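Just so it is clear, the structure is predicted and the values come from calculations on it, not from any experiment. So that the names make sense, note that chain A is the first sequence line, chain B the second, and so on, each numbered from 1.
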Amino acid sequence: MTTKTHQEKKPYRGVSLYCYAEELGFTMTMEDCFADMYDMGATGLEILANGHIENYPNPTDEWLENWFSLLKKYEIEPVEYGHWVDSRLVPGQQLSTKDSYDMLVKDIKLASKLGFSVMRTKLGVVDEILTPVPNWQEFIEMALPVAEEYNVKMCPELHQPTPLKSAMVDEYVEFIERTGTKHFGLNIDFGVFQSPEGRLQIPGVDNPPSAPEDMIALLPYTYACHAKFTHMTEDFIDPTHPYDEIIKILIQEKWDGCLLSEYEGGNRSVPGYTSDQLRKQHVMMRRLLGEI
Amino acid sequence: MLEQSIIQLRGFRNIHDGGKITGFQIPVRLNYYRGIWLSQLRPAQVTVDGHTYTENEICWNIGGNIYTQQELCHRSDVHWNNLDVATLIINKDGGLIPGLHEVEVYYQFSASYLPPRIDLNFFSRPDSRKMVLVR
């Protein structure tokens, strides 16, 4: 689906269904979430595969038919498919390179079948600062031809406490440059820019905010972003994430990917609370994107 | 639709096999925003009215199939979706008497993208609920 905003080489708006984690299945259906998105004109969608796909990893034909019919009805584009390489799948072992590859391939095929073009590839980690498993380059590289065949991009998420300027991010960029791949990239979670008072407190780990301009060098490899927020005020301000600067840079750099809202604040199990917070964030984003 | 508490009410009853009651069952949800493979799940502990059941006194019914607790770590091929309710089956001749019961359930599961220190305990939490059993 090509929308006007795509043609203008500007970011466009979407929602991760992660936002609704404490309502979807409790007080809301997936269709309710899509109806919310339609109200907001949020056309890009992220799902979490092993949560939102009934009978994952083998959805029924009936489920698939309903999926495509809902996307059409609410004018939604499947953007990002959240999935995991569960390195501690079996207790006491680290998942082998071959088994990690098999897990990736299964998700690449399903993501493509559902119409997704980007995958949020969550890797297993080995320490407090979220260093990925030592064999990540091996199984990702093995999976690159499959990702190319199915036309999807695998993207680890850059999330606090990992700063954008760090050895880990450098390693991802070196991998992309070494392989020359267009099928592995990055998802920047805007929580990396969150001001000190709202940040994760991790014993023994510094967790300083990154600067929005640190994104610039990474944007050529960035295929989706998580528009993280934890609270929107009544006057449509996010007090802890510098959205003015973030979106200004994205526009200036002509980045045209999807901003997928991720609400991670309080009251998520209160019916309607998340929807209200999302609407406020999307008023802010519309303003900053020059839509209103 | 799911209830917010991990222990779900619908499905709480004795297990009737012919004329006999062989145990009771407690439906539970996964306290997580995504599903897991069964090998990521750790054995559950159930306490009813102060009596604790563990290990082979409990089986899991997930997606209509029954798994022993010892079997879980070998079933990396079976997925439990977080929007689906699983049922704990507790073997107990005669089951529970009709009436009010104080039910506690605790199980953990692994999340590989979290630091190993908090792998099992970041999302997992014990739950307790006063539950009425009718039959």
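- Both the backbone and the side chain of A:Leu89 come within less than 4.5 Å of a heavy atom in chain B.
- For A:Ile129, no part lies near chain B; criterion is any non-hydrogen pair under 4.5 Å.
- Interatomic distance, CG of B:Leu83 versus CD of A:Glu54, reported as 8.0 Å (0.5 Å rounding).
- Rounded to the nearest 0.5 Å, atoms CZ (B:Arg34) and NE2 (A:His52) are 12.0 Å apart.
- Heavy-atom distances place the backbone of A:Val126, and not its side chain, under 4.5 Å from chain B.
- The shortest side-chain heavy-atom distance between A:Glu128 and B:Pro116 does not fall under the 4.5 Å cut-off.
- Ring geometry for A:Tyr18 versus B:Tyr33: interplanar angle over 60°, hence perpendicular rather than tilted (30 to 60°).
- In terms of heavy-atom pairs under 4.5 Å with chain A, the best-connected choice from B:Ile36, B:Asn81, B:Asp84, B:Leu30 is B:Asn81.
- The closest side-chain heavy-atom distance from A:Asp127 to B:Pro115 is not below 4.5 Å.
- Atom CD of A:Glu62 has 12 or fewer neighbouring heavy atoms from other residues, nucleotides or ligands inside a 6.0 Å radius.
- Side-chain contact check for B:His74 versus A:Val90: every heavy-atom pair is 4.5 Å or farther apart.
- Interface check for chain A: of the options B:Gln40, B:His79, B:Arg29, B:Arg75, the most heavy-atom pairs under 4.5 Å are formed by B:His79.
- Using a 4.5 Å cut-off between heavy atoms, A:Thr27 contacts chain B through its backbone alone, with no side-chain atom that close.
- Considering only heavy atoms from C-beta on, B:Ser112 stays 4.5 Å or farther from A:Lys122 through its side chain.
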For this session: Go through the steps for B:Tyr113 and A:His159 under the test side-chain contact (heavy atoms from CB on, under 4.5 Å), then give the verdict.
Result: CA-CA 11 Å; B:Tyr113 59 92; A:His159 194 286; over 6 Å; no

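- Between A:Tyr56 atom OH and B:Trp37 atom CH2 the span is 5.0 Å, to the nearest 0.5 Å.
- The side-chain heavy atoms of B:Glu3 and A:Phe26, taken from C-beta on, include no pair separated by under 4.5 Å.
- Atom CG of B:Asn82 sits about 8.5 Å away from atom CG of A:Leu48, to the nearest 0.5 Å.
- Among A:Gly82, A:Ser87, A:Ala21, the residue making the largest number of heavy-atom pairs under 4.5 Å with chain B is A:Ser87.
- Looking only at heavy-atom pairs under 4.5 Å with chain A, the residue among B:Ser39, B:Ala111, B:Ser76 that has the most is B:Ser39.
- Minimum heavy-atom separation, B:Met1 to A:Thr29: CE-CG2, 3.7 Å.
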